[in-house]
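For reference, the structure is listed below as structure tokens.
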Number of protein chains: 2
Amino acid sequence: MRYSRQRELVLRQVQNRCDHPTADDIYLAIREDCPGLSLGTVYRNLNGLVEMGRVRRVSIPGMADRFDRTLSEHDHLYCTRCGKVEDVFLDKTAINEMIEARKDLAIEHVSLNLYGLCSACRDAARS
Amino acid sequence: MRYSRQRELVLRQVQNRCDHPTADDIYLAIREDCPGLSLGTVYRNLNGLVEMGRVRRVSIPGMADRFDRTLSEHDHLYCTRCGKVEDVFLDKTAINEMIEARKDLAIEHVSLNLYGLCSACRDAARS
DNA sequence: TTAACTGCAAATCTTTTGCACAATC
DNA sequence: GATTGTGCAAAAGATTTGCAGTTAA
């Protein structure tokens, strides 16, 4: 894979934000510095970066994919109040053991999505 | 909500099949008996039936939603070999306990998707 | 009769793709 | 100079929606 300014900007954009931007979010943000940019290029680069393992894709049913700079194993919480996506680090040993125990299943990978309140909305709801 | 032949046919279609059909699968199947049917009507009715709790929606990232006649709590296995979606009944107490234990999180609902081999493909792979 | 439902087609939204041109190695 | 990447615009796929006509209660 050879260098390109656009790919560099896409990667930097994902790495520099702690939210979980969509392709369009990234496109709009980069566009300010790089007016010629096209959305197709953003998608192509995101797909490449995901394949290379440089960024992660976060899929939540019914909405555009989001992209995540955090590569270590973790899951995502979709906030049912504000729509934000938050990283959640869970101890998954219980889940893995439960899956292992099911010898009748040939499971290769488990994906879980959490729905609830993000930390900001949880704090707001407390008052 | 008032009676309609189309809704009846959509519901019956979901209830009579043990696979997990997409809106389009259902549309094509019903269309044989009811040529006038439109795909929009199928979508509208499926959405209504899901809202009423008569059928369940199964969302797997990157593909069309599927619909499930089985209402009791369970998850889904997407077969990475043949693409079939299979019901999986797991003992989720360990997962729920783990979520409960995380007092810092306000999680309302957990959804998990499993990826691996369906029973048919697993049996085929064994030989 | 009137509110809900339908068919149709157009619109929406997300993502991919074909192609001619440009940039990289 | 060969190949990879880009911009653009069109296409694709899933789903929703506006509207005028139809149907159940």
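Lettering of chains follows the sequences in order, A, B, ..., and the numbering in each one begins at 1. Computed from a predicted model, the values in this text were never measured in an experiment.
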How long is the span from the CZ atom in A:R126 to the CZ atom in A:R122, to the nearest 0.5 Å?
5.0 Å
Listed partners of A:D25 passing salt bridge (Lys or Arg N to Asp or Glu O under 4.0 Å), at least two apart
none
For the residue pair A:T22 / A:D24, report whether a side-chain donor-acceptor contact shorter than 3.5 Å exists.
no
Angle between the end axes of the helix from C:dT1-D:dA25 to C:dC25-D:dG1, five pairs per end, to the nearest 10 degrees?
30°
Using heavy atoms and a sub-4.0 Å distance, could you list which residues of residues 32-40 of chain A are near DNA chain D? By number, please.
A:G36, A:L37, A:S38
Gap separating the CD1 atom of B:I107 from the CG atom of B:D104, nearest 0.5 angstrom
8.5 Å
Can you pull out every ring pair (Phe, Tyr, Trp, His ring centres under 6.0 Å) where at least one residue sits in residues 58-93 of chain A? Sequence neighbours excluded, please.
A:H20-A:H76, A:H74-A:H76, A:H74-A:F89
Is there a side-chain contact between B:L49 and B:V14 (heavy atoms, below 4.5 Å)?
no
Under 4.0 Å from any atom of DNA chain C, heavy atoms only: list the residues of residues 4-11 of chain B that qualify, in numerical order.
B:S4, B:Q6, B:R7
Close residues, residues 53-70 of chain B, relative to DNA chain D [heavy-atom separation under 4.0 Å]:
B:A64, B:D65
Counting only side-chain heavy atoms from C-beta out, which of D:dT15, D:dT6, D:dG5 sits nearest to A:M1?
D:dG5
From the 5' end of DNA chain C to its 3' end, which nucleotides mark the outer limits of contact with chain A, defined by a 4.0 Å heavy-atom distance cut-off (strictly under)?
C:dT14 to C:dC25
Whole-Å gap separating P (D:dG5) and CG (A:L49)
11 Å
Please classify the nucleic acid contact of A:Y3 as base, sugar-phosphate, or nothing, using heavy-atom distances under 4.0 Å.
sugar-phosphate
Round to a whole Å and report the spacing from CG of A:N45 to C1' of D:dG7.
12 Å
Will you find, in the side chains of B:N16 and B:R69, an N or O donor that is under 3.5 Å from an N or O acceptor?
no
N/O donor to acceptor pairs below 3.5 angstrom from side-chain atoms of residues 36-43 of chain A, sequence neighbours left out:
{"residue": "A:S38", "atom": "OG", "partner": "A:G40", "partner atom": "N", "Å": "3.4"}
{"residue": "A:S38", "atom": "OG", "partner": "A:T41", "partner atom": "N", "Å": "3.4"}
{"residue": "A:S38", "atom": "OG", "partner": "A:T41", "partner atom": "OG1", "Å": "3.4"}

Below 4.0 angstrom, which residues in residues 19-30 of chain A have at least one non-hydrogen atom near DNA chain C?
none
Just by distance, with hydrogens left out, do A:S59 and A:D65 show a side-chain donor and acceptor under 3.5 Å apart?
yes
The side chain to side chain contact (heavy atoms under 4.5 Å, CB included) partner of A:L77 among A:D87, A:V85, A:L114 is A:L114
Under 4.0 Å between a side-chain N or O of B:N47 and OP1 or OP2 of D:dT16?
yes
Return all side-chain donor-acceptor pairs below 3.5 angstrom for residues 4-11 of chain B, not counting sequence neighbours, or 'none' if the list is empty.
{"residue": "B:S4", "atom": "OG", "partner": "B:R7", "partner atom": "N", "Å": "3.0"}
{"residue": "B:R7", "atom": "NH1", "partner": "B:N45", "partner atom": "OD1", "Å": "2.7"}
{"residue": "B:R7", "atom": "NH2", "partner": "B:R2", "partner atom": "O", "Å": "2.7"}

Close N or O pairs between protein and nucleotides 18-21 of chain D (under 3.5 Å):
{"residue": "D:dG18", "atom": "O6", "partner": "B:R44", "partner atom": "NH1", "Å": "3.2"}

For B:E97, all residues meeting salt bridge (Lys or Arg N to Asp or Glu O under 4.0 Å), sequence neighbours excluded:
none
